S.K.: 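The structure that follows is given in the form of structure tokens.
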2 protein chains.
Amino acid sequence: MTRPSEVTRERILKAAERLFAERGYDGTSIRAIVARAHVNQAAINYHFEGKEGLYREVLRAAFRGLTEHQLASAAQSGQLSREDALAGFIRRQLRPLLARDEASRHIRIFNWESVRPTPVFRKLLSEEAAPFMGVATDLVGRFLPTADHRTLVVAAIWLLGQCSIFVRNREQLSGPPVELASDEASIEWLAQTISRWATGALQSAG
Amino acid sequence: MTRPSEVTRERILKAAERLFAERGYDGTSIRAIVARAHVNQAAINYHFEGKEGLYREVLRAAFRGLTEHQLASAAQSGQLSREDALAGFIRRQLRPLLARDEASRHIRIFNWESVRPTPVFRKLLSEEAAPFMGVATDLVGRFLPTADHRTLVVAAIWLLGQCSIFVRNREQLSGPPVELASDEASIEWLAQTISRWATGALQSAG
DNA sequence: CTCCATTTCAAACGATAGTTTGAAAACTGG
DNA sequence: CCAGTTTTCAAACTATCGTTTGAAATGGAG
């Protein structure tokens with residue numbers, strides 16, 4: 001029982017993800033989505049019961065894509081030294097700098113939400129952010145074995161902040177006055193530099 | 001020659017700053033602004049030549065307010081030890097966490113711009129970000145006397161990232177699963193904790 | 001007070017937004 | 001192949017957007 005409408009559904013989701021990532025919820029019109037997806041305008045209401053329902057689906061997919069990627073990589077980090085695990089974590093966090101791929105779009109959608117969270121996003125975050133935060137807290141916990149839980153959570157966020165500022169402001173930082181390069185070698189250098197500093201901080205604190 | 005229209009102008013600017021900070025450029029309607037400012041709808045076009053012109057003025061005021069505050073505080077940091085100067089810088093960066101004051105609104109406007117920069121913002125940034133970045137690079141430069149300019153710029157951004165993630169995501173972090181408190185004592189603890197880690201990183205790197 | 005530029009105002013404009021409609025087309029199970 | 005459901009489609013609907021208009025009100029200079 002293959003559903004013929006799945007093709008339309010997927011086309012809408014794909015187009016909507018790109019546009020929501022690029023222009024945000026308010027800045028993206030139904031007409032822009034259907035034009036890119038090559039479907040009829042009423043298809044969105046038929047398949048998703050409106051713009052908001054479509055956005056909900058895009059948000060869920062983005063969240064799933066991001067956390068699954070992070071959790072999968074973190075599963076094997078126990079075999080690495082804490083320093084190598086930290087460096088790998090930071091390099092993965094900086095990955096969206098390299099290409100405008102799917103992960104990059106997912107992060108952009110999250111960036112929009114971080115400015116003005118929708119109720120849909122709030123719910124998603126409160127329900128499903130715990131595993132990802134667990135990965136990060138476990139990582140810093142290997143450096144801070146005596147720290148309490150609150151400190152570990154703050155340390156995890158602090159670590160994420162060191163990466164996210166480069167990812168989030170990629171566009172501005174590529175121009176003057178910073179002129180941050182985005183070729184593979186430069187990003188690798190950036191990842192190693194941040195890893196060195198973060199390692200120094202955690203080692204001297206633990 | 002006092003201009004009677006200044007009252008209307010200021011009322012519009014004040015209302016617009018609040019709404020742009022809260023809902024972003026696209027999410028804020030002219031009608032919402034004039035309703036809050038208690039002025040006629042056409043006043044915006046009369047005084048600012050349209051919504052975009054008004055936004056330009058709000059953006060300029062926000063930029064001025066933020067950087068002036070930072071630059072003024074940085075002027076006397078040369079008398080402090082590098083560790084104390086760093087701690088003060090971090091504490092000032094975290095200030096918007098304490099209250100929803102003017103600085104908090106300015107930062108929110110910048111957050112909107114970091115997701116999808118308007119041409120107005122790009123120009124402003126490329127022309128006037130240098131002094132502020134200079135303060136930050138000078139600060140980290142006291143820890144990294146042998147580093148080249150690119151490394152100092154990256155270190156400055158890296159330092160800003162450690163603070164901005166808490167400021168930017170204040171709303172989400174105050175809820176589950178993080179439950180970050182925002183009373184004065186908690187923020188002071190946060191500032192000292194970040195200062196300790198950042199100091200450790202820069203000391204071990206320099 | 002009078003004159004004239006400045007400022008305010010209510011109303012309407014064209015454009016675009018998200019959604020609804022009802023019929024046509026396509027597909028599926030029998 | 002047919003009957004009945006699912007899916008697509010062009011068009012129109014209502015609401016809201018930013019902007020424009022032209023007259024009314026206001027304020028200061030002579």
Side-chain angles (χ1 to χ4, degrees), chain A residues 1-60 109 112-113 115-121, chain B residues 1-60 109 112-113 115-121:
Chain A
M1 183 161 135
T2 58
R3 302 250 287 284
S5 63
E6 284 296 320
V7 181
T8 302
R9 233 187 99 94
E10 282 307 314
R11 277 218 293 240
I12 293 174
L13 281 173
K14 191 168 177 177
E17 181 184 288
R18 286 180 181 274
L19 287 170
F20 282 141
E22 195 175 335
R23 310 181 193 180
Y25 182 82
D26 285 335
T28 300
S29 71
I30 294 270
R31 285 171 175 84
I33 296 172
V34 300
R36 189 188 252 271
H38 297 105
V39 301
N40 185 270
Q41 189 172 337
I44 286 180
N45 289 279
Y46 179 78
H47 287 281
F48 301 96
E49 295 170 5
K51 186 184 181 185
E52 198 173 305
L54 169 59
Y55 183 66
R56 190 194 324 275
E57 289 305 309
V58 170
L59 210 55
R60 273 208 265 258
I109 292 174
W112 284 105
E113 287 288 345
V115 188
R116 185 169 173 79
T118 59
V120 176
F121 181 76
Chain B
M1 184 160 134
T2 59
R3 303 251 288 285
S5 63
E6 283 297 318
V7 181
T8 303
R9 231 187 101 95
E10 282 308 313
R11 277 219 293 241
I12 294 174
L13 280 172
K14 190 169 178 177
E17 182 184 286
R18 287 180 181 274
L19 288 169
F20 281 142
E22 195 176 334
R23 309 181 191 179
Y25 182 81
D26 285 335
T28 300
S29 72
I30 294 273
R31 284 171 176 84
I33 296 173
V34 300
R36 188 188 254 270
H38 297 104
V39 300
N40 186 269
Q41 189 171 337
I44 286 180
N45 288 279
Y46 179 78
H47 287 281
F48 300 96
E49 296 170 7
K51 186 184 181 183
E52 199 173 303
L54 169 59
Y55 183 65
R56 190 194 324 276
E57 290 304 310
V58 171
L59 211 54
R60 272 208 266 257
I109 292 175
W112 284 105
E113 287 289 345
V115 188
R116 185 169 173 80
T118 59
V120 176
F121 181 75

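Here is the naming used below: chain letters follow the sequence lines, and residue numbers restart at 1 for every chain. Keep in mind it's a predicted model, so treat the numbers as computed, not measured.
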S.K.: Taking C-beta and beyond as the side chain, do B:Tyr55 and B:Thr28 meet within less than 4.5 Å on heavy atoms?
M.R.: no
S.K.: Whole-Å distance between D:dT7 C1' and A:Glu10 CD?
M.R.: 16 Å
S.K.: Identify which nucleotide among D:dT20, C:dT19, D:dC17 has an atom closest to any side-chain atom of B:Arg31, counting heavy atoms from C-beta outward.
M.R.: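 So the side chain of B:Arg31 is nearest to D:dC17.
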S.K.: Can you tell me if the side-chain N/O atoms of B:Asn40 get under 4.0 Å from OP1 or OP2 in C:dA10?
M.R.: yes
S.K.: Tell me whether the side-chain N/O atoms of A:His47 come closer than 4.0 Å to OP1 or OP2 in D:dT6.
M.R.: no
S.K.: From OH of B:Tyr55 over to P of D:dG18, roughly how many Å is that when rounded to an integer?
M.R.: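 About 14 Å, once rounded to whole Å.
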S.K.: Please tell me which of the listed nucleotides, D:dT8, D:dC9, C:dC9, lies nearest to the side chain of B:Ala42?
M.R.: C:dC9
S.K.: Can you check the A:Asn45 CG to D:dC13 C1' distance for me, whole Å?
M.R.: 13 Å
S.K.: Give the nucleotide from the list C:dT20, C:dA12, D:dT8 with an atom nearest to the side chain of A:Tyr46.
M.R.: D:dT8
S.K.: Whole Å only: how far is the CD1 atom of B:Ile30 from the C1' atom of D:dT20?
M.R.: 13 Å
S.K.: Between A:Arg116 (side chain only) and B:Glu22 (backbone N and O only), is there a donor and an acceptor less than 3.5 Å apart?
M.R.: yes
S.K.: For A:Thr8 and A:Ala43, which heavy atoms make the closest approach, and how far apart are they?
M.R.: CG2-CB, 4.2 Å
S.K.: Rounded to whole Å, please give me the gap between CD in A:Gln41 and C1' in D:dT8.
M.R.: 13 Å
S.K.: Just how far is it from atom CZ of A:Arg11 to atom CD1 of A:Ile33, taken to the nearest 0.5 Å?
M.R.: 14.5 Å
S.K.: For the pair made of CD1 in B:Ile12 and P in C:dT7, what is the distance, rounded to whole Å?
M.R.: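 My rounded result for the distance is 12 Å.
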S.K.: How do B:Val39 and A:Lys51 order along DNA chain C: which one's closest nucleotide is nearer the 5' end?
M.R.: B:Val39
S.K.: Provide, to the nearest angstrom, the distance between the CZ atom belonging to A:Arg23 and the P atom belonging to C:dA17.
M.R.: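 It works out to 10 Å between those atoms.
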S.K.: C:dT16, OP1 or OP2 - any side-chain N/O from A:Ser29 closer than 4.0 Å?
M.R.: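 Answer is no, no contact under 4.0 Å.
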S.K.: Do the non-hydrogen side-chain atoms of B:Tyr25 and B:Glu113 ever get within less than 4.5 Å of each other?
M.R.: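 No; the side chains remain at least 4.5 Å from each other.
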S.K.: CG of B:Asp26 versus C1' of D:dT16: gap in Å, rounded?
M.R.: 14 Å
S.K.: I want to check one thing: is the phosphate of D:dT7, taken as OP1 and OP2, less than 4.0 Å away from some side-chain N or O of A:Thr8?
M.R.: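 So the side-chain polar atoms of A:Thr8 never come under 4.0 Å of the phosphate oxygens OP1 or OP2 of D:dT7.
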